[in-house]
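Here is the structure we will look at, set down as structure tokens.
The residues of the chain are indexed from 1 along the displayed sequence. Keep in mind that the numbers below use all heavy atoms, side chains included, and drop hydrogens, waters and symmetry copies.
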Amino acid sequence: MININRLKSKKIKFSLRHSVTKFLFSLLMALLISIFPDYIGLSKDASLMLFILCFSAFLWMSEAIPAFAVSFLIIVLEIFLLSYHDFNFDSSSKEWIFYLKSWSSPLIFLFLSGFILAIAASKTKLDLWLAKSVLFYFGKAPHNILTGVMLITFVFSMFISNTATTAMMMTILIPMIKSMEDHNPFQKGMLLGVVVAANIGGMGTIIGTPPNAIAVGILGNSAPSFLEWMVMALPPAILIAIIFRWVILKMYKSTEALIDVDKIKRVNHYDDSTTNFTKIPTIPSWKKILVIFVFSITVLLWLTGPFHHIPTPVVSLLPIVIFTIFGIIDTNDINEIRWDVIILIIGGLSLGAGVTKTGLDVWIGTIFDMGGLNTFLIATIFALIVILISNFMSNTAATNIMLPLVVALVSSLGSSMVEFMVISIALCASCAMILPVSTPPNAIAYSSGKLNSKDFLLIGAVAAIVGPLFILSLLSFYA
């Protein structure tokens, strides 16, 4: 008989040994790159910051420890290596507070508000009800259904996490897919349409995906407003989605002239009854109405910020306060917020602040003179690098690594070029989808059993080529 406990013990020991090995390897590589060489013109603090940057990059890439844990490690190392020089713990020194400021960044409240809005819409089943209602208007023709599916997913992903959006759309699509012929390629087409729209739709707003938030945090006072971001990011995102719609319709042609969309009527989104007993939880109408009202007002205030001058993070407090006061969001819902993602964003902000404070960005900009190079070529190279890295690790972590380096390298080219590069790289991070595990939407769609790895290889290759082309070309008008 096999001893299960012994097998589990061996697995845990192997996993621990593997993680320790990767951690020590990351530490060694960071030391070899940053500390041991005698770089000309690099101050002690900048050298230590280079070590922190390299160490965190290797830890994120190797996944030796959880991604959010790397963020904590960054802040701890910055405090002890940069605030207390030679470990001189002077109680009067408040320099360590600087490296904790990222925790109180206004950007965090903006992203937190996005999570709150998503939870409220999901909890009241408002997202599911709205998606079902809209989809019926597109008819039964396959090309129209794909348009509807991608449009709904795209819009939701601008304000709700792409993971939650994909899960919601899968709930709607699975009954429809099961009603189709077994070997109809369009089954794959609809699932890939959701994957693409969920990944690309997040480009449209600051809260759509973490890389966007990190870019805004890195840019600081020169960052675009909520509306300005949409003006820059939506055109390439829409064009990329249109290209993908065409590709999917060509590669996954339906063998059926009409698709039975009536199947999605059976997908339960909860009714508004408060009198008839049912095993299905009922959602009072006033809660749905309140969520619609607050959601609409919040987005409207975000978009009209240049006119009323209320800071976007201040507007973000509106849904947080109202939903908690009226009991739509409770303690359990707060616990479900993706705090690991928020911590990961904080780590990226702290990393960027440290690079700037120690002068590491100036040193890197001096060593690598970009003045004589074509800026479009530089942006393309960085875009392809961030897409490549993001296919094998979190695009949030990849953006955390790349953006401080990008700022350091192009800082001498002017503020407009820095803004162009940072926003471009952040948007390109959303184009990484070549593997089933590259993004949560990919993994959720792959779990349906209808898709193969080669299906993701196709859309990933298209995204890696088309994405940077449209993003860099259109954003160059703002540079």
Side-chain angles (χ1 to χ4, degrees), residues 101-133 155-165 167-168 202 205-210 212-213 216-217 225-227 229-230 268-278 280-346:
K101 287 183 178 179
S102 55
W103 282 90
S104 58
S105 169
L107 187 64
I108 301 304
F109 290 94
L110 180 61
F111 218 80
L112 181 61
S113 178
F115 281 124
I116 293 293
L117 288 171
I119 292 174
S122 177
K123 193 175 181 181
T124 57
K125 297 297 178 182
L126 185 62
D127 52 357
L128 195 56
W129 169 79
L130 185 59
K132 285 176 59 178
S133 302
V155 173
F156 270 98
S157 292
M158 290 169 59
F159 303 98
I160 298 176
S161 76
N162 56 16
T163 306
T165 301
M168 176 198 69
T205 64
I206 294 174
I207 64 171
T209 183
N212 299 359
V216 171
S225 67
F226 198 93
L227 179 59
W229 182 281
M230 292 185 68
N268 184 24
H269 61 257
Y270 299 170
D271 57 49
D272 296 327
S273 171
T274 55
T275 56
N276 298 327
F277 175 77
T278 173
I280 302 171
T282 57
I283 306 296
S285 296
W286 69 267
K287 285 192 175 183
K288 289 185 177 181
I289 294 172
L290 182 62
V291 172
I292 293 174
F293 177 75
V294 173
F295 199 111
S296 302
I297 292 298
T298 302
V299 173
L300 182 63
L301 289 174
W302 279 339
L303 295 177
T304 56
F307 303 101
H308 55 67
H309 303 297
I310 301 175
T312 305
V314 175
V315 175
S316 303
L317 298 175
L318 179 67
I320 297 174
V321 173
I322 292 180
F323 289 156
T324 50
I325 287 177
F326 286 92
I328 294 174
I329 300 295
D330 56 27
T331 304
N332 293 330
D333 299 319
I334 294 296
N335 291 335
E336 290 179 5
I337 290 175
R338 291 294 306 274
W339 294 107
D340 58 324
V341 174
I342 292 178
I343 293 170
L344 195 52
I345 294 173
I346 291 171

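Side-chain contact between W339 and L112: present, with at least one pair of heavy atoms (C-beta onward) separated by less than 4.5 Å. Two residues are said to be in side-chain contact when any heavy atoms from C-beta on lie closer than 4.5 Å; T205 and F226 meet this criterion. Taking 4.5 Å as the limit, some side-chain heavy atom of I206 sits within range of a side-chain heavy atom of L107. Put simply, the side chain of I116 does not reach to within 4.5 Å of the side chain of D333, judged on heavy atoms. You'll find the side chain of I345 reaches within 4.5 Å of the side chain of F111, heavy atoms only. Using a 4.5 Å heavy-atom cutoff, the side chains of I334 and F115 are not in contact. Considering only heavy atoms from C-beta on, K123 comes within 4.5 Å of D330 through its side chain. No side-chain heavy atom of L227 sits less than 4.5 Å from a side-chain heavy atom of T304.
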- Message: Run F326 and L290 through side chain to side chain contact (heavy atoms under 4.5 Å, CB included) and show every step you take.
- Response: CA-CA 9 Å; F326 286 92; L290 182 62; 3.8 Å; yes
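Atom CD1 of I346 and atom CD1 of I108 lie 4.0 Å apart (nearest 0.5 Å). Interatomic distance, I310 CD1 to S316 OG, rounded to the nearest 0.5 Å: 11.5 Å. Atom OG1 in T298 sits 4.5 Å away from atom CG in L318 (nearest 0.5 Å). Note that CD1 of I119 and CD1 of I329 are 5.5 Å apart. Values are rounded to the nearest 0.5 Å. Between M230 atom CE and M158 atom CE the span is 3.5 Å, to the nearest 0.5 Å. The OG atom of S102 sits 11.0 Å away from atom CD1 of I343, with the distance rounded to the nearest 0.5 Å.
Distance alone, capped at 3.5 Å, places no donor-acceptor pair between the S113 side chain and the F109 backbone. Judged by distance alone, the side chain of T209 and the main-chain N or O of N212 form no donor-acceptor pair under 3.5 Å.
Nearest approach of I328 to A120, heavy atoms of both residues: CG2-CB, 4.1 Å. Minimum interatomic distance between T124 and A121 (heavy atoms only, all atoms of both residues): OG1-O, 3.4 Å.
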